[in-house]
Amino acid sequence: MKNNTYEALGFYQQAFEKDDTYEIRTKLADCHYRRADFRKAAELLKLIPEDSLSHDAFRQLAYSYQKQGDVDSYIYWTEQLVRRYPHDGEMVAGLTLALAQKEQAWKGLQYGLDYCMYDAKNILVNRAVADAFFLERDFANAAEWYNRLLEQGDSTFNTLYSAGMSYAQMDSLELAYEHLHAAFYLSQMQHAGCAYRLGVVCVDTQRYPEGLNYLNLARELMRPDSTIMKAITLSQGERRHLFQHRQCLRLHPQGR
């Protein structure tokens with residue numbers, strides 16, 4: 001029955017109608033959760049006292065709200081869970097990022113940084129802390145945490161791209177170029193936003209032909225989006241004009 005949630009659902013529904021115990025309610029909620037009926041799972045679990053919820057049931061309750069798009073309820077229940085299970089790194093990471101996305105990065109960072117004092121090597125939590133700093137526009141700390149992730153071997157596209165964006169915001173353009181370049185090629189040259197940012201950084205570091213090439217690639221990748229295309233075309237025009245002007249000055253220095 002354990003591997004057949006349809007039969008288990010019928011069994012526990014009948015048992016629940018006869019005797020509504022916390023154990024039966026939890027097992028019935030588990031069936032609904034496994035069948036992606038997250039509304040029913042949450043309705044069953046939220047009525048169980050928190051000290052009677054197992055760790056797994058508590059997680060299912062929080063995730064049920066997240067999967068329904070109810071971020072406020074997800075945050076509320078995840079906060080309750082983390083107070084009871086402070087070393088659940090996956091839930092701490094989710095809470096840290098959810099609070100940052102709700103413009104409460106300072107609060108999310110408290111959870112994330114407190115956890116890191118216990119376990120400094122949890123990649124999920126370190127990613128959430130880095131992203132929270134980024135969303136808070138604290139780019140220096142964001143870059144530091146993305147570098148920690150890279151040192152841990154988390155050389156994913158998102159880590160490289162976000163590190164590059166952080167350095168670009170700090171005007172550390174060579175480091176921005178290094179990380180954006182690595183991210184773009186890791187994306188197999190398919191990420192339009194990365195191509196655009198890399199193109200801008202290239203031109204700002206006087207890598208003009210390379211930068212214009214990336215801007216052209218970004219334009220091609222974003223072709224269906226006319227609004228973004230206009231911004232890129234304008235950026236291309238401005239930077240091509242700057243490139244041509246500087247080339248002219250090099251050829252005719254007496255005109256300065």
Side-chain angles (χ1 to χ4, degrees), residues 1-136 145 149 154 158:
M1 187 182 296
K2 191 172 183 180
N3 295 321
N4 188 331
T5 54
Y6 176 72
E7 290 185 4
L9 177 65
F11 176 81
Y12 288 117
Q13 182 63 48
Q14 289 183 2
F16 176 72
E17 290 169 1
K18 294 177 182 177
D19 187 13
D20 178 6
T21 66
Y22 296 153
E23 181 181 2
I24 293 173
R25 180 178 283 265
T26 299
K27 289 182 176 178
L28 180 58
D30 178 64
C31 292
H32 285 303
Y33 185 87
R34 291 173 183 273
R35 291 166 59 83
D37 193 341
F38 303 116
R39 181 184 59 82
K40 287 183 180 177
E43 286 177 352
L44 286 163
L45 292 172
K46 71 181 182 182
L47 297 179
I48 298 176
E50 291 177 23
D51 59 3
S52 297
L53 283 170
S54 68
H55 192 175
D56 284 342
F58 224 143
R59 286 167 61 99
Q60 287 184 350
L61 175 56
Y63 279 136
S64 290
Y65 284 110
Q66 183 190 50
K67 291 175 186 293
Q68 292 179 82
D70 186 344
V71 179
D72 290 336
S73 294
Y74 167 71
I75 288 173
Y76 172 80
W77 286 108
T78 306
E79 282 189 307
Q80 309 314 306
L81 183 153
V82 167
R83 289 192 183 107
R84 186 171 168 192
Y85 302 103
H87 297 159
D88 186 336
E90 183 179 348
M91 300 307 288
V92 171
L95 179 58
T96 298
L97 195 53
L99 285 165
Q101 291 168 341
K102 292 288 285 186
E103 299 184 359
Q104 298 180 61
W106 60 271
K107 189 175 182 182
L109 284 166
Q110 287 180 344
Y111 286 108
L113 293 172
D114 282 350
Y115 178 91
C116 289
M117 294 178 68
Y118 160 74
D119 175 11
K121 299 295 184 181
N122 187 311
I123 287 177
L124 279 179
V125 177
N126 289 348
R127 283 177 182 170
V129 169
D131 290 343
F133 276 125
F134 187 91
L135 291 170
E136 187 73 349
W145 281 82
L149 286 163
D154 185 40
N158 285 336

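Below, all heavy atoms of this structure are taken into account, side chains as well, without hydrogens, waters or symmetry copies.
Listed by chain and number, the residues in a side chain to side chain donor-acceptor pair (under 3.5 Å) with Asp20 are Arg25 (sequence neighbours excluded). Under the side chain to side chain contact (heavy atoms under 4.5 Å, CB included) criterion, Ala62 pairs with Tyr74, Trp77, Thr78, Met91, not counting sequence neighbours. For Leu135, the side chain to side chain contact (heavy atoms under 4.5 Å, CB included) criterion is met by Leu97, Ala100, Gln101, not counting sequence neighbours. Evaluation of the side chain to side chain donor-acceptor pair (under 3.5 Å) rule for Ser73 yields Asp70 as partners, not counting sequence neighbours. With sequence neighbours left out, the side chain to side chain donor-acceptor pair (under 3.5 Å) criterion links Asp56 to no other residue. Residues passing the side chain to side chain donor-acceptor pair (under 3.5 Å) test with Gln13 are Glu17, sequence neighbours excluded. Asp37 is linked by a salt bridge (Lys or Arg N to Asp or Glu O under 4.0 Å) to Lys40, counting only residues two or more places apart in sequence or in another chain. Take Ala42 and apply the side chain to side chain contact (heavy atoms under 4.5 Å, CB included) test, not counting sequence neighbours, and it matches Leu61, Ser64, Tyr65, Gln68. For Glu43, the salt bridge (Lys or Arg N to Asp or Glu O under 4.0 Å) test picks out Arg39, with sequence neighbours left out.
For the pair Tyr33 and Lys67, the minimum side-chain heavy-atom distance is below 4.5 Å. Contact check for Tyr22 versus Pro49: side-chain heavy atoms found under the 4.5 Å cut-off. Under the 4.5 Å side-chain criterion, counting only non-hydrogen atoms from C-beta, Gln66 is not in contact with Val71.
Within the structure, salt bridge (Lys or Arg N to Asp or Glu O under 4.0 Å) pairs that include any residue of residues 127-136 comprise Arg127-Asp154 (at least two apart or interchain). Sorted by first and then second residue, the ring-ring contact (aromatic ring centres under 6.0 Å, His included) pairs involving residues 93-115 (not counting sequence neighbours) are Tyr115-Tyr118. Residue pairs that meet the salt bridge (Lys or Arg N to Asp or Glu O under 4.0 Å) test with at least one member in residues 85-111, sequence neighbours left out, are Arg59-Asp88, Arg59-Glu90, Asp72-Lys102, Glu79-Lys107.
Listed for the Ser52 side chain is no donor-acceptor partner under 3.5 Å among the backbone atoms of Ile48. Formation of a donor-acceptor pair under 3.5 Å by the Asp119 side chain with backbone atoms of Gly89 is not found in this model.
Between the OH atom in Tyr6 and the SG atom in Cys31 there is a gap of 12.5 Å [rounded to 0.5 Å]. Rounded to the nearest 0.5 angstrom, Leu53 CG and His55 NE2 are separated by 11.0 Å. Separation of atoms OH (Tyr63) and CG (Leu81) is listed at 9.0 Å; rounding is to 0.5 Å. Atoms CD and CG, on Gln60 and Asp30 in that order, are 4.5 Å from each other to the nearest 0.5 Å.
The heavy-atom pair separating Ala57 from Thr26 by the smallest distance is CB-CG2, 3.9 Å. Across Leu149 and Ala130, no two heavy atoms sit closer than the pair CD1-CB, 4.3 Å. Nearest heavy atom pair, residue Gly112 against residue Val125, reads O-CG1, 3.8 Å. Scanning all heavy atoms of the two residues, the minimum distance from Tyr85 to Ser54 falls at OH-C, 4.0 Å. Leu113 and Val129 make their closest contact through CD2-CG1, 3.9 Å (heavy atoms, listed as atom of the first residue, atom of the second, distance).
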Derivation of the side chain to side chain contact (heavy atoms under 4.5 Å, CB included) call for Phe58 and Gln80: CA-CA 9 Å; Phe58 224 143; Gln80 309 314 306; 3.8 Å; yes
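For the side chain to side chain contact (heavy atoms under 4.5 Å, CB included) with Cys116, the qualifying choice from Asn122, Leu109, Asn126, Val92 is Asn126, the only one to do so.
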